[in-house]
Amino acid sequence: MTFPKWTKPGVYGAIVGAVAISIFGFNWGGWVTGGKASDMAQELANEQVTQAMVPVCLSMAEADPNRTEKLAILQKASGFNRRNAMLETGWATRPGEDAPNRDLATGCLAELDLNGS
């Protein structure tokens, strides 16, 4: 079976074009693999759950009988130590879990008015 003369350059052009489109799509076009999309969705879900739990953290802080002492400790702490102090208060523990959540502690600290309390 013989092919026309233009077939070989046409096939090479299609292959080069497909590679170029793929490179463009994945680098600049916003295309992602299924695994990357799954990771992005999981990260977004974790962020949304953390944001939804911040009011729970704040209500736990309001209901805590030792609130004043714990807020004083949080105000004295700075930077990284402030988040660790927040973890020790117990307010950043999600209901049904045993350990405090670092992201929730960071979100709760952002909502607490430590300078005006």
Could you tell me whether a side-chain N or O of S22 sits under 3.5 Å from a main-chain N or O of A18, the two making a donor and an acceptor? yes
Indicate the atoms forming the closest heavy-atom contact of S59 with V56, along with that distance. OG-O, 2.8 Å
Search all heavy atoms of R82 against all heavy atoms of Q75 and return the closest pair with its distance. NH2-O, 3.3 Å
Between CG on residue L74 and CG on residue N84, distance to nearest 0.5 Å: 11.0 Å
Nearest 0.5 Å, please: how far is CZ in R94 from CE in M60? 12.0 Å
Considering all heavy atoms, the nearest M86-C108 contact: CE-SG, 3.2 Å
Examine V49 and W91 and state if one hydrophobic cluster contains both, with Ile, Leu, Val, Met, Phe, Trp and Tyr joined whenever side-chain heavy atoms are less than 4.5 Å apart. yes
With the side chain counted from C-beta on, respond yes when Q48 and Q51 share a heavy-atom pair under 4.5 Å apart, and no when they do not. yes
Identify whether I73 and L109 are in the same connected component of the hydrophobic contact network (ILVMFWY, side-chain heavy atoms under 4.5 Å). no
Contact between D103 and N46 at the side-chain level, heavy atoms closer than 4.5 Å - yes or no? no
What are the two closest non-hydrogen atoms of L71 and L112, and how far apart are they? CD2-CD1, 4.4 Å
Shortest non-hydrogen contact between V32 and A37, atoms and distance: CG2-CB, 4.0 Å
Quick check: is M53 connected to L87 through a chain of hydrophobic side chains (ILVMFWY, heavy atoms under 4.5 Å apart)? no
Please report the shortest heavy-atom distance between L104 and C57, naming the atom on each side. CD1-CB, 4.3 Å
Flag yes if W31 and I23 sit in one hydrophobic cluster, no otherwise; membership is Ile, Leu, Val, Met, Phe, Trp, Tyr, and two members link when side-chain heavy atoms are under 4.5 Å apart. no
Find the distance between CD (E47) and CD (Q42) and round it off to the nearest 0.5 Å. 11.0 Å
